[in-house]
Amino acid sequence: MSDSSAQSLKQLKIKTGVVKRLHKEESIYAQEVVDQKRVIEKLKEDGADGADIRAAERVLRDSEMMIPRTKSQLEEAVQALDDLVNALQSEEAISSSAEYKAAVEQLKQVRAA
């Protein structure tokens, strides 16, 4: 395998990992928002101290602010991976590799979500 092919496979692996991580982070933040809303409602129902409620609301705002940022980073990472996959599609040694197939599968998973 040539140096350029090895470098391309390395880039595929890195970019696939970035997309996978950001996709996971986005879903974690979304779940955190749902969970934190429940916590706030429970605190209000239980008549918790105002400071506790405000602290929980602050955590909720922080999580809500992370979603658009993570989504933007994910979109950029998906575009970069997609561009790389398309550029390497015609190279038989790469397009038949496990790294290439993993990249294509990761793109499918993100787009299906």
Side-chain angles (χ1 to χ4, degrees):
M1 184 175 291
S2 71
D3 263 357
S4 67
S5 291
Q7 195 64 18
S8 295
L9 288 175
K10 184 178 179 181
Q11 285 300 310
L12 265 175
K13 197 171 187 175
I14 290 169
K15 290 180 187 303
T16 301
V18 169
V19 168
K20 187 175 188 175
R21 178 182 53 82
L22 288 170
H23 182 61
K24 184 177 179 180
E25 278 183 25
E26 183 184 35
S27 63
I28 288 171
Y29 284 126
Q31 184 60 46
E32 195 174 294
V33 166
V34 171
D35 293 345
Q36 198 60 34
K37 285 181 180 178
R38 281 193 211 123
V39 167
I40 292 169
E41 286 304 313
K42 178 103 172 83
L43 286 171
K44 288 179 179 178
E45 287 172 9
D46 294 346
D49 184 49
D52 292 337
I53 294 172
R54 284 190 300 279
E57 288 171 339
R58 217 175 2 262
V59 171
L60 173 62
R61 280 193 308 275
D62 290 346
S63 295
E64 287 174 333
M65 287 181 357
M66 290 304 294
I67 292 173
R69 180 174 162 247
T70 305
K71 186 180 219 67
S72 173
Q73 289 175 333
L74 177 60
E75 289 168 359
E76 289 174 18
V78 164
Q79 186 60 52
L81 181 59
D82 193 41
D83 291 346
L84 185 59
V85 164
N86 289 332
L88 298 174
Q89 190 173 14
S90 62
E91 294 185 35
E92 182 62 35
I94 293 175
S95 65
S96 61
S97 71
E99 291 88 347
Y100 184 86
K101 291 173 182 167
V104 170
E105 185 59 33
Q106 188 61 49
L107 286 170
K108 284 180 187 175
Q109 287 178 12
V110 170
R111 289 184 175 131

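All residue numbers in this chain count up from 1 along the given sequence. Just the heavy atoms: all of them, side chains too, but no hydrogens, waters or symmetry mates, feed the values below. Keep in mind that what you see is a predicted model, and the values were worked out from it rather than measured.
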**OP:** Answer yes or no: is there a donor N or O on one side and an acceptor on the other, between the side chain of S72 and the main chain of P68, under 3.5 Å?
**Re:** no
Original post:
Taking only residues at least two apart or on different chains, which pairs with a member in residues 8-24 satisfy salt bridge (Lys or Arg N to Asp or Glu O under 4.0 Å)?
Top reply: R21-E25
Subject >> salt bridge (Lys or Arg N to Asp or Glu O under 4.0 Å) pairs, two or more places apart, involving residues 68-78 >> reply: E26-K71
Subject >> Common cluster, L84/V104, ILVMFWY with side-chain heavy-atom separation under 4.5 Å >> reply: yes
**OP:** Could you tell me which residues satisfy side-chain hydrogen bond (donor to acceptor under 3.5 Å, both in side chains) with E105, sequence neighbours excluded, listed by chain and number?
**Re:** none
**OP:** List in chain and number order the residues that pass side-chain hydrogen bond (donor to acceptor under 3.5 Å, both in side chains) with S63, two or more places apart in sequence or in another chain; answer none if no residue qualifies.
**Re:** E32
Residues in side-chain contact (heavy atoms from CB on, under 4.5 Å) with [X], at least two apart?
| X | answer |
| --- | --- |
| D83 | Q79 |
| E57 | I40, K44, I53, R54, R61 |
| L107 | V78, L81, D82, V85, R111 |
| K42 | D46 |

Show me, pair by pair, the donor-acceptor contacts under 3.5 angstrom made by side chains of residues 88-96, not counting sequence neighbours?
{"residue": "S95", "atom": "OG", "partner": "E91", "partner atom": "O", "Å": "3.2"}
{"residue": "S96", "atom": "OG", "partner": "E92", "partner atom": "O", "Å": "2.9"}

Spacing of [X] atom [atom1] and [Y] atom [atom2] [to the nearest 0.5 Å]:
| X | Y | atom1 | atom2 | result |
| --- | --- | --- | --- | --- |
| M65 | Y29 | CE | OH | 10.5 Å |
| Q11 | T16 | CD | OG1 | 10.5 Å |
| I28 | Q31 | CD1 | CD | 10.0 Å |

**OP:** Identify which one of L22, V19, V18 satisfies the side chain to side chain contact (heavy atoms under 4.5 Å, CB included) criterion when paired with Q73.
**Re:** L22
Original post:
Of all residues at least two apart in sequence or in a different chain, which pass the salt bridge (charged side-chain N to carboxylate O under 4.0 Å, His left out) check with D35?
Top reply: R38
